[in-house]
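The structure appears right after this line, and notes come after that.
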Amino acid sequence: AQSVAQPEDQVNVAEGNPLTVKCTYSVSGNPYLFWYVQYPNRGLQFLLKYITGDNLVKGSYGFEAEFNKSQTSFHLKKPSALVSDSALYFCAVRDVITGGGNKLTFGTGTQLKVEL
Amino acid sequence: NAGVTQTPKFQVLKTGQSMTLQCAQDMNHEYMSWYRQDPGMGLRLIHYSVGAGITDQGEVPNGYNVSRSTTEDFPLRLLSAAPSQTSVYFCASSYSPGTGGFEQYFGPGTRLTVT
């Protein structure tokens, strides 16, 4: 079985400060990992993914994430937060072996609030 | 490209009524999925399809049916609506592994209330 944990329901950060949204995962094989963002009353938008290769992946809007296999983590980061980054962020995992049909398991989401 | 479209955007049903949520994509994606989003629970997979004529159950399939007669369309049917099916429903599509980038593209969602 595959699972994802987002330990923080909400993260507050001041504009201009770095932000981190945490994600840990569990899979029986190798993982495909994703971050999505959801603005109010909208669908999910893809931010970035880790499939293979470099552990540091860069995505849309200046976001990046680091894959850490030993800690089974895939934390989302941004060097300088913007008020417009305020949204709900979801981490998702697909097990390479058992995730046929591109079955994703999502975390419960982390609400990011960036304040002036 | 319109991407993934869903209709209706909002729906109110009475307990026991049936209805179909529509989903269509114009990206020629092989894979399509239905999720429901509930507060504090993230998104949970209801049903998915790996191509026309092929569907399978996800994590929470009870009370829902799907079919995939064309590559473009993937409707979700509620057979006899229950208050527990009050949720926001998202359709998503993606390329199959080897032909694309694995990421799923989501529709705008349907907000369903069952009274």
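Keep in mind that this is a model prediction, so the values were computed, not measured. A note on names: the letters A, B, ... follow the listed sequences, proteins ahead of strands, and every chain is numbered from 1.
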Subject >> Over all atoms of both residues, closest heavy-atom pair of V4(A) and T105(A) >> reply: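 Reported closest heavy-atom pair: CG2-O, 3.4 Å.
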Original post:
When the ring centroid of Y36(A) is compared with that of F106(B), is the distance short of 6.0 Å?
Top reply: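 Under 6.0 Å, so yes.
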Original post:
Which region of L88(A), side chain (C-beta onward) or backbone (N, CA, C, O), has a non-hydrogen atom less than 4.5 Å from a non-hydrogen atom of chain B, or is it both or neither?
Top reply: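 Only the side chain of L88(A) comes within 4.5 Å of chain B.
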Original post:
Non-hydrogen atoms of chain B under 4.5 Å away: do they reach the side chain of Q45(A), the backbone, both or neither?
Top reply: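 Interface part for Q45(A): neither.
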Original post:
Can a cation-pi geometry be assigned to K49(A) and F34(A), taking NZ or CZ under 6.0 Å from the six-membered ring centre and within 45° of the ring axis?
Top reply: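 No, a cation-pi geometry is absent between K49(A) and F34(A).
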Original post:
Looking only at atom types and distance, does a side-chain atom of K78(A) sit under 3.5 Å from a main-chain N or O of Y61(A), one as donor and one as acceptor?
Top reply: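 Present.
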Original post:
Do F74(A) and E66(A) come close enough that some side-chain heavy atom pair is under 4.5 Å?
Top reply: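 Not in contact.
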Subject >> Pairwise side-chain contact, C23(B) with T5(B), heavy-atom cut-off 4.5 Å (strictly under) >> reply: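 No, too far: nothing below the 4.5 Å cut-off.
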**OP:** Pick one of side chain, backbone, both or neither for L45(B), based on which atoms fall under 4.5 Å of a heavy atom in chain A.
**Re:**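 Answer is side chain: those atoms of L45(B) sit under 4.5 Å from chain A.
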Original post:
Of the backbone (N, CA, C, O) and the side chain (C-beta and beyond), which part of Q37(B) lies under 4.5 Å from a heavy atom of chain A, both, or neither?
Top reply: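 Contact with chain A: side chain only.
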Subject >> Contact residues of residues 108-116 of chain A (partner chain B; heavy-atom separation under 4.5 angstrom) >> reply: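 Residues in range: T108(A).
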If you measure only the distance, is there a donor-acceptor pair under 3.5 Å linking the side chains of [X] and [Y]?
| X | Y | answer |
| --- | --- | --- |
| Y95(B) | Y105(B) | no |
| N68(A) | S70(A) | yes |
| Q2(A) | Y32(A) | no |
| N17(A) | E15(A) | no |

**OP:** Apply the test salt bridge (Lys or Arg N to Asp or Glu O under 4.0 Å) to residues D38(B) and R44(B): give CA-CA distance (whole Å), side-chain angles for both, the deciding distance (0.1 Å), then the verdict.
**Re:** CA-CA 8 Å; D38(B) 302 293; R44(B) 292 180 292 169; 2.8 Å; yes
Original post:
Heavy atoms under 4.5 Å from chain A: which residues of residues 107-115 of chain B carry them?
Top reply: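 At a heavy-atom separation under 4.5 Å, chain A is reached by G107(B), P108(B), R111(B).
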